[in-house]
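First up is the structure itself, then whatever we jot down about it.
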Number of protein chains: 2
Amino acid sequence: MTRHLENDTAAPDAPQPTPTAARMCADERRLQIAAVAMRLFSERGFRGTTTKEIAQAAGVSEAIIFRHFATKEELYTAIIDYKGCGGAAQSSVAGRPEQPPVIDEIRGLVADAMEASDDLAVFQAVARHMLEHHEEDPEFLRLLMYIALENHSLGQVFWDKNVRVLYEFLGGYIRRRQREGAFRDVDPYAGVRVFLGSVIHHSLVNLLWDKDPARRIFRVTNEEAARQFAEILLRGIAADPDSINAKRAEAPKRTTRNREGGADVKNHRDKNKKR
Amino acid sequence: MTRHLENDTAAPDAPQPTPTAARMCADERRLQIAAVAMRLFSERGFRGTTTKEIAQAAGVSEAIIFRHFATKEELYTAIIDYKGCGGAAQSSVAGRPEQPPVIDEIRGLVADAMEASDDLAVFQAVARHMLEHHEEDPEFLRLLMYIALENHSLGQVFWDKNVRVLYEFLGGYIRRRQREGAFRDVDPYAGVRVFLGSVIHHSLVNLLWDKDPARRIFRVTNEEAARQFAEILLRGIAADPDSINAKRAEAPKRTTRNREGGADVKNHRDKNKKR
DNA sequence: AAGATGTAAGTAAGTACTTACTTTTGAGCG
DNA sequence: CGCTCAAAAGTAAGTACTTACTTACATCTT
């Protein structure tokens, strides 16, 4: 059910043939408000976004927002929670299957390559997956940066549930390959930091600083960037750098895990008093 | 001069050795307001900081702020301009020497090592310099991130005058060493991105996400981090990885996985106001 | 006295959030 | 089908408070 994620986000200046505000049921409206608010929050941050703007962008009156979310803060938290924390709190945006933390996707993506000890495939796939995710969903990184800067409490949750786990995951792989003699003796987390630093910095630069693709100082496709980052990292930590490309006899590809339809959370209307 | 940045925030009865901080000349006051405002802007962003808060933190009435800066926006711009753009606009904070762009410091810092083609020294020095700057002045990175997210017009200036130039500077060095046969044939900017990505991501993570030094997943001194990042990058792009340390006879070939803990407390003394 | 440094007390336009009220929906029932 | 009717979806117009910025006036230094 309810697949209309953000197709109805009321394009600001698009001509609307039907001025009818198209009455929605609660779950639809809640989802639509969240989608619109997410865009605005990611653009201007929590304090920079007003409930009035959200209401206008959603094409409803302000009171509607407060019927669906007790406070602006609750709306923000619901979005963060859904977007980055895999539904850590129960108050996530309803009507949408709980998406697994990003880390699980990555785990499945590189399982085969890891088993085959195809180092290049492992790191290239992770890099490419992250780069594509950041490019397809620019709201994600912006929201994350705002959360970190604004010291939102869910920032710690996101770090622990996603990034920290990813560090341990990749660090564990490096450690294993060190034991097998393939990598030299460096701190595994130094390698992970170099790798994730390259990837995340690349996305962040393209998103926030070097925005114009035509003027970019480092102009590559995601696939190309992923390959270069992975290659530099691997040569950097390899015991025998010339062996990096040796493994590439065949490319093991694995189909993406399908996600299952999920239970939804009802429109809970607890008017909890804040402050 | 002007050390009285926040020691005079309304302590009427406190014994003041100097004839109180009551009255300042315009330049002092302007500078003090800017310093206080910079701290607040870096903590909460432009929209999240109110002029009332700035006035209170500076120990003056709100009207004083608007005597020295026509608008809140002008105050913000003056700070950014002074802090990150080396006085691009003329309206920079007065009474302070125009500090040269960060890039010039770096140029001077590695000139000798570059001439000697001591690759490790070059990249290690740059990394260490940046890491220490970020640690000593946490306001800098936070302000930059806010500027980028909030799409402030001076963000582009900062990028062009500092980061882009740094990219070209390091990229040029890599290209030269490629011509000399020392580095393999990769896109020089890929190397710079990996390198700066590691360094900046490291600072950003420590500042925004993995804040507690005791809980950090990658716990190293700045010097150690700089060495590891430089080493991984150089082995990653070297034509002959075993030659990396050749120039430095005393450099340890085998890295010691130090997890001893006590060594990384350099100057964390200033972190006193955490929530 | 001049001129700069300072303040208390505004103002108009927001801000998040509420209240009182109207319209739409859809099931139950004759 | 047409009718009622309660619950849900919606709105206009508030409320109490904050915001950036001003005005009128006082105080210090030379």
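Naming: A, B, ... by sequence-line order, numbering from 1 per chain.
- Between B:W209 and A:W159, the ring planes are parallel. Angles under 30° get that label, and only those over 60° would be called perpendicular.
- Both B:H68 and A:R47 sit near DNA chain C, but only B:H68 has its closest nucleotide nearer the 5' end.
- Counting any heavy atom pair closer than 4.0 Å across all strands shown, B:T50 reaches sugar-phosphate atoms only and no base atom.
- Judged purely by atom type and a 3.5 angstrom limit, B:T49 uses its side chain to pair as donor or acceptor with the backbone of B:L40.
- For C:dA4, neither phosphate oxygen OP1 nor OP2 lies less than 4.0 angstrom from any side-chain nitrogen or oxygen of B:R29.
- Going from atom CZ of B:R30 over to atom C1' of C:dG6 covers 18 Å, rounded to whole Å.
- Look at NZ on B:K52: it is 14 Å from P on C:dA9, rounded to the nearest Å.
- With hydrogens and angles ignored, the 3.5 Å screen pairs a side-chain donor or acceptor of A:S42 with a backbone N or O of A:R39.
- Looking only at atom types and distance, the side chain of A:E73 has a donor-acceptor partner in the side chain of A:H152 under 3.5 Å away.
- The existence of a salt bridge linking B:R215 and A:D160 is confirmed by a sub-4.0 Å separation between a basic side-chain nitrogen and an acidic carboxylate oxygen.
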TODO: Could you provide the dot-bracket string of DNA chain C, using ( ) for intrastrand pairs, [ ] for crossing pairs and | for bases paired to another strand, with Watson-Crick or G-U pairs below 3.5 Å?
DONE: ||||||||||||||||||||||||||||||
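- The distance between atom CD of A:Q56 and atom C1' of D:dT11, rounded to the nearest whole Å, is 14 Å.
- With rounding to whole Å, A:I64 atom CD1 is found 14 Å from C:dA20 atom C1'.
- Following rounding to the nearest Å, B:I33 (CD1) and C:dT5 (P) show an atom-to-atom distance of 11 Å.
- In this structure, B:Y189 and A:I217 approach most closely via the heavy-atom pair CD1-O, 3.2 Å.
- Of the candidate nucleotides C:dT7, D:dT11, D:dG10, D:dT11 has the atom lying nearest to any side-chain atom of A:V60.
- If you run side chain to side chain donor-acceptor pair (under 3.5 Å) between A:E132 and each of A:H129, A:H134, A:R128, only A:R128 comes through.
- Side-chain rings of A:Y146 and A:F46 stay apart, their centers remaining 6.0 Å or farther from each other.
- The nearest whole Å value for the distance from the CD atom in A:E28 to the P atom in D:dA8 is 16 Å.
- Under a 4.0 Å N-O distance rule, the pair B:R44/B:E53 qualifies as a salt bridge.
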For nucleotides 21-29 of chain D, print each protein N/O atom paired with a nucleotide N/O atom at under 3.5 Å, atom names and distance only.
{"residue": "D:dC21", "atom": "OP2", "partner": "B:K72", "partner atom": "N", "Å": "2.7"}
{"residue": "D:dC21", "atom": "N4", "partner": "B:E62", "partner atom": "OE1", "Å": "3.3"}
{"residue": "D:dC21", "atom": "N4", "partner": "B:E62", "partner atom": "OE2", "Å": "3.3"}

